[in-house]
Amino acid sequence: MSEGDSRPTVAIVMLTMNQRDKTLRALQSVREDSPSVPVVLWDNGSTDGTLDAVTHGFPDVRSHRHPSNVGVASGRNAAARLAVSAFQPTHLLFLDNDLVLKPGFTAALLEPFADERVGQTQAKLLYLHDPKRINDGGGCRINFWLGRTDPVGFREIDRGQCDAMAPCVSCGGAMMVRADVFERLGGFDSLFDPFGPEDIDFSLRLQAAGYRALYVPGALAYHEVSHSFEGGDYTATYAHAKARHWLRFLRRHGSPLQQAGFLLVGAPLIALRMVFRELARGNPGALTGSARGLIQAVRDWRGARN
């Protein structure tokens, strides 16, 4: 942005790991929506030729391959720093690499920032392979007692019930944020590496700092729901991180009553449900991982940083 030019500018941040074809598809939809918006792609150690394919197909994309998986929060933060350094955008658009954007997506997310109180916007997501059904129709609903974070309208048939702009707790896979606010808040908290709920934590911290987060249904994308953790399997590593991170998130954002409610109600219910599910799958390692995570998280309950 030139000196004296107050027009908003956007840079797109995308994370990938061993999802070459999905990433190429997402980048193609980005180019169809916003041909001139700069893109930074952070590769968390792919071994499937993703970066070579991106360099060949999208030479204008600023790509960086890290030799290992640094996690979602750290990867997005590093990519955001590259984007700010290279392009000096006023706004950062974080996109998952399994999205297909409908034209007008970026412009719709940017429009509400004319209100200086708005710090973050989030898109509407439908399922790519079931486009009549909602994947996210208004950000995240948090139930601290039951340990659940479910998107608004999750898996409902889309009948227009989620077509009004509204305040939200934004998820990170299709959201825009003021670049200066992102920097001021320290970005996503690497405490939640390698995965979740760094995005929900960020939105809550943003709102606690006095900014509004808005759901913008005019920004529409189609989501091929996928998971990059250990091939998408519910492994001991994933279970360990999920258990530990939830208790840290609960300590930071839940009230004393909500914390007590989870420990007395939610945690036992989750444990029982997981035991039956993973034993039926022949996956006892996940049980071990969750137990380790819960034990460690309880140990540092009082000492975890806020």
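Side-chain atoms are counted along with the backbone in the values below, which use heavy atoms only and exclude waters and symmetry mates.
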Original post:
When rounded to the nearest 0.5 angstrom, what is the spacing between CG in Leu41 and CZ in Arg65?
Top reply: 12.0 Å
Subject >> Ser46 side chain to Asp43 side chain, donor-acceptor N/O pair below 3.5 angstrom >> reply: yes
Subject >> Donor + acceptor pair across side chains of His253, Asp201 (<3.5 Å) >> reply: yes
Original post:
When you look at CZ of Arg205, are more than 12 heavy atoms from neighbouring residues, nucleotides or ligands closer to it than 6.0 Å?
Top reply: yes
Original post:
Any luck finding a side-chain donor-acceptor pair between Gln19 and Thr50 under 3.5 Å?
Top reply: no
**OP:** Compute whether any side-chain donor of one residue and acceptor of the other, for His223 and Asp98, lie under 3.5 angstrom apart.
**Re:** yes
Original post:
Distance only, no hydrogens: is a donor on one side chain within 3.5 Å (strictly under) of an acceptor on the other, for Ser190 and Ser74?
Top reply: no
Original post:
Linking I/L/V/M/F/W/Y whenever any side-chain heavy atoms sit under 4.5 Å apart, do Trp42 and Phe195 land together?
Top reply: yes
Subject >> Co-members of the apolar cluster containing Leu185 [side chain, <4.5 Å] >> reply: Val13, Val84, Leu92, Phe94, Met175, Val177, Val181, Phe182, Phe188, Phe202, Leu206, Tyr211
Subject >> Spacing of Ser63 atom OG and Phe58 atom CZ [to the nearest 0.5 Å] >> reply: 10.5 Å
**OP:** Say whether Thr16 and Thr23, considering side chains only, have a donor N or O and an acceptor N or O under 3.5 Å apart.
**Re:** yes
Original post:
Parallel, tilted or perpendicular: which fits the ring planes of Phe154 and Tyr127, with parallel below 30° and perpendicular above 60°?
Top reply: tilted
Original post:
Taking only residues at least two apart or on different chains, which pairs with a member in residues 69-82 satisfy salt bridge (Lys or Arg N to Asp or Glu O under 4.0 Å)?
Top reply: Arg76-Asp96, Arg76-Glu198
Subject >> CG on Asp136 to CG on Leu125, rounded to 0.5 Å >> reply: 5.0 Å
Original post:
For Arg184, does the CZ atom sit with more than 12 other heavy atoms under 6.0 Å from it, leaving out its own atoms?
Top reply: yes
Original post:
Where do Thr90 and Pro8 come nearest, in terms of heavy atoms and distance?
Top reply: OG1-CA, 3.3 Å
